[in-house]
Amino acid sequence: MRRLGLLGLLVAASIGLAVGIVSSAGTADAHALLARADPPINASLRESPTRITLFMTEQLQRSHSSVQILDSAGQRRDIGETGFSDAVPTQMSVGVLRLDPGVYTVVWETLSEVDGHTWTGSYVFSVLNPDGSAPAGSGVVVDLNRPGPPVAADAVVKAIGLVALVLFVGAMVMSFVLKPSPLSTLLPLMATMVLLGVATTGYEAIAGALRLSEIGFLGDVLFDTRNGLWLQQRWYVLIVAALAISVRFIRPTALGDSGLRALLFVLAVAWLASTSAISHGAAVGSGWIWGTLFDALHLAAAAVWIGSLVSLILTLRSRPGERVELVRRFSILAVSTVPILAAAGLISALIQIPQVSGLFETDWGLAFLIKIVVLLALFAAAGANAFLLRPRDAAEAGGDSGLARRFSMLMRVEAVLGLAVIAASAALTQLPSPASAQPEIEQKDNTIIETVARGDIVASLEVSPNLVGFNTWTATIEDPADNPVEDLLLRFRYEDSSVGPVTVRTEPLGDGRFRLEGAYFGLPGEWTIEMELRRASGDDLVVAVLSDVESGFQASPFAADRGGALALPLAQMDWNGVGALWAFVIGGLAWINRPRLRAAFGPRAADGAFVSGLLGLIVAVVLLTGLHVEPGRTLANPVERTAESVERGAGLFAANCVSCHGDTGAGDGPLADSLPAPPANFTVHVPFHPDGVLFAWITDGIRGTGMPAWSPQLSDQERWDLVNFLRASFDVPGAQ
């Protein structure tokens with residue numbers, strides 16, 4: 001058991017990092033967050049809605065996801081059960097009773113089908129009075145705290161579970177690589193990791209039940225959720241591994257080395273699969289198969305490198321005289337693993353970080369940056385070992401004891417840093433990634449601050465965010481000390497006189513400051529805000545400011561899935577880019593390993609590696625530069641461009657496209673500024689692209705922009721009608 005002392009030190013150091021990251025990141029412990037809603041957040045409606053529909057950022061477990069509607073008195077106004085959509089697994093909705101004018105609170109609760117985390121949230125909307133004025137009342141204060149263990153505890157257990165997986169996989173791999181096999185030396189390590197895996201898996205299941213309310217929900221977690229089914233699968237794998245190792249300890253002759261290694265290899269792959277299947281990559285919706293695969297490759301490469309390094313350190317304690325040969329074999333393995341680790345990690349990161357701002361504006365992004373810093377330190381230590389100390393150690397064949405000690409110490413530093421990276425990865429699993437935490441449509445901020453002077457009084461009014469729906473009005477009054485303003489009323493007048501004015505008393509904050517919160521901007525347009533200043537003596541004063549109020553949220557299809565399970569799950573590159581990356585990695589691995597292949601298999605193997613490396617480079621260059629073909633270029637338009645088709649397209653354009661592309665198609669719609677890239681200007685693009693390309697863009701969207709795939713919402717006929725409208729409206733000289 002002395003061999004496990006170093007392991008305990010490494011694990012403790014790594015787990016400490018996970019605790020620090022999650023503790024500093026707050027208490028966000030779930031990933032199925034609200035992406036958009038219909039009616040939208042803070043909406044002011046002329047009529048009562050009949051149904052409330054929410055679109056979340058992850059697939060929902062229907063048994064424990066729900067929506068409720070509460071009025072200002074806290075009474076439920078929803079009817080029937082929460083409904084779900086087979087076509088859009090992130091959607092849930094509920095019917096509502098006829099709503100009178102007032103303020104209503106939507107309360108939602110989700111259980112992520114992928115990772116088993118729960119989350120609650122709420123937002124408000126209002127139904128306007130018949131004259132268009134804002135209703136009285138306010139939203140209900142909802143307790144959004146969830147039961148269950150602390151997030152830091154979850155992160156610690158997740159880190160322990162990942163470290164156990166990494167060390168188990170590494171020990172299994174090293175039992176194949178090192179000759180003679182160190183299987184008997186590494187079995188105590190593997191047995192310990194299996195026990196840790198069983199314990200952490202049990203914790204995850206129990207924690208999931210406690211997050212739902214109590215331990216009695218354990219059966220629901222294990223048998224009614226996808227996350228629970230994968231936890232069960234992991235348990236079965238670990239139980240079989242425990243039995244196999246136990247048989248080897250009890251009756252060494254019952255299982256030979258080759259048979260036991262083969263069984264442990266299968267179990268290690270299954271353990272990796274059960275972990276990756278509930279990762280962030282598995283939760284991306286469209287393209288989740290690729291997201292899961294890249295996460296699995298990244299985790300497997302890390303396990304092979306870091307886990308094998310720890311197994312090497314333990315093996316060297318019993319075979320110190322073979323240090324040079326054992327390290328040489330491990331180095332071959334590490335050199336072949338690191339490029340795969342980097343490539344898969346890059347793609348997984350791009351999937352979770354659709355915009356660079358996500359790195360700096362989310363807890364996940366900050367934790368990821370910490371992981372990158374530790375990873376760079378790991379690469380530095382590994383590089384020093386591989387290119388400085390190992391060659392000198394091999395040249396001297398172990399003659400310099402001081403060099404051997406430095407080399408051994410730096411290997412331990414590399415192992416600690418590697419396990420710290422694993423712990424940081426565990427922390428990331430407990431935080432919503434930028435892809436799931438960032439709403440598809442963000443609220444604008446049109447905050448204004450207006451100052452008005454009248455006699456001996458200066459009144460300043462801040463309106464935030466100055467949008468339709470709920471706002472905060474903060475007034476600061478500079479007045480004479482002998483005649484202060486004691487009360488402040490705000491009167492709201494809309495540009496259309498048919499909408500009656502509303503007068504509301506503000507809350508005094510002291511020191512000449514007053515505040516009001518509420519949904520008094522019921523419609524977009526110009527509003528006059530009159531401040532009625534009531535003083536201790538003398539005449540009261542009325543001063544007014546003007547505000548141009550816009551809609552802050554609009555319903556959009558941006559949260560809908562953009563394709564099936566095999567769609568490309570990232571927007572920063574296309575399939576050509578992904579293929580080029582992996583062609584370069586595979587070709588590079590063949591090139592790097594030419595000397596080793598020559599030594600092991602002869603000159604022909606080295607020549608084959610040379611040709612493979614050259615082909616990989618050629619394929620990468622061709623994919624990046626020579627195979628870009630616009631989608632749909634050869635697709636013919638099957639719908640004749642009749643006046644009826646163009647008219648139908650005009651209606652679809654007004655309903656679905658104007659919000660981004662604008663009335664004139666110039667890309668200046670009200671949502672344009674909130675998108676990651678400017679919408680297309682149709683007067684520029686339509687004349688230069690055939691109908692098939694326009695149809696493909698409408699059908700599949702355009703990655704890296706805010707253009708979504710419309711195929712889930714519009715039929716083929718409707719999309720061709722849109723193409724005909726675009727062609728008729730913008731493919732003419734001087735189109736505006």
Side-chain angles (χ1 to χ4, degrees), residues 59 276-277 279-301 339-356 358 433-436 440 557-590 612-635 675-677 680 685 688-712 716 719:
Q59 301 97 311
S276 301
S279 66
H280 277 302
V284 295
S286 298
W288 66 265
I289 288 180
W290 297 112
T292 304
L293 176 62
F294 292 132
D295 272 3
L297 279 175
H298 184 59
L299 179 57
I340 298 175
L341 171 76
L346 172 63
I347 294 178
S348 294
L350 291 177
I351 292 173
Q352 300 304 327
I353 311 172
Q355 299 181 37
V356 176
S433 73
S436 64
E440 297 287 346
F558 296 159
D561 288 341
R562 299 192 177 192
L566 290 173
L568 184 63
L570 69 162
Q572 299 89 337
M573 64 173 67
D574 56 15
W575 279 116
N576 284 359
V578 174
L581 174 63
W582 285 105
F584 183 80
V585 169
I586 295 172
L589 287 175
S612 298
L614 185 60
L615 285 176
L617 179 60
I618 292 173
V619 169
V621 172
V622 169
L623 287 174
L624 288 176
T625 62
L627 291 182
H628 179 70
V629 178
E630 281 186 306
R633 178 163 287 277
T634 60
L635 190 62
L675 301 179
H685 289 278
F688 298 99
H689 297 285
D691 287 1
V693 172
L694 300 177
F695 180 82
W697 286 342
I698 296 171
T699 299
D700 301 321
I702 302 176
R703 295 189 178 278
T705 72
M707 177 64 180
W710 285 95
S711 54
D716 288 355
R719 281 175 271 143

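Please read all numbers here as calculations on a predicted model, not as lab measurements.
- Residues D295 and S348 bring a donor and an acceptor atom of their side chains to less than 3.5 Å of each other.
- Checked against the 6.0 Å centroid threshold, W575 and W290 count as a close aromatic pair.
- Here the OG1 atom belonging to T699 is positioned 7.0 Å from the CG atom belonging to D716, to the nearest 0.5 angstrom.
- For the pair S433/I353, no side-chain contact is recorded, criterion being any heavy-atom separation below 4.5 Å from C-beta on.
- For Q352 (side chain) and H280 (main-chain N/O), a donor-acceptor pair under 3.5 Å exists by modelled atom type.
- When all heavy atoms of L623 and G579 are compared, the pair lying nearest together is CD1-C, 3.4 Å.
- Judged by distance alone, the side chain of H298 and the main-chain N or O of A344 form no donor-acceptor pair under 3.5 Å.
- Counting heavy atoms from C-beta on, the side chains of I347 and W582 come closer than 4.5 Å.
- W697 contributes atom CH2, which lies 3.5 Å from atom NE2 of H689 (distance to the nearest 0.5 angstrom).
- Closest heavy-atom contact between M707 and I698: CE-CA, 3.8 Å.
- At least one side-chain heavy atom of F294 sits under 4.5 Å from a side-chain heavy atom of I351.
- In this structure, the separation between CZ on F584 and CG on L589 is 10.0 Å, given to the nearest 0.5 Å.
- Inter-residue side-chain proximity for L568 and V578 is flagged as met; some heavy-atom pair is nearer than 4.5 Å.
- Minimum interatomic distance between A282 and A277 (heavy atoms only, all atoms of both residues): CB-O, 3.3 Å.
- Closest approach of G577 to L624, counting heavy atoms only: CA-CD2, 4.2 Å.
- Pairing each heavy atom of S612 with each of A590, the nearest pair is CB-CB, 3.8 Å.
- For the residue pair A583 and A620, the shortest heavy atom distance occurs at CB-N, 4.1 Å.
- Between the CG atom of N576 and the CG atom of L581 there is a distance of 12.5 Å, given to the nearest 0.5 Å.
- Residues T292 and W288 form a side-chain contact, since some pair of their non-hydrogen atoms from C-beta on lies under 4.5 Å apart.
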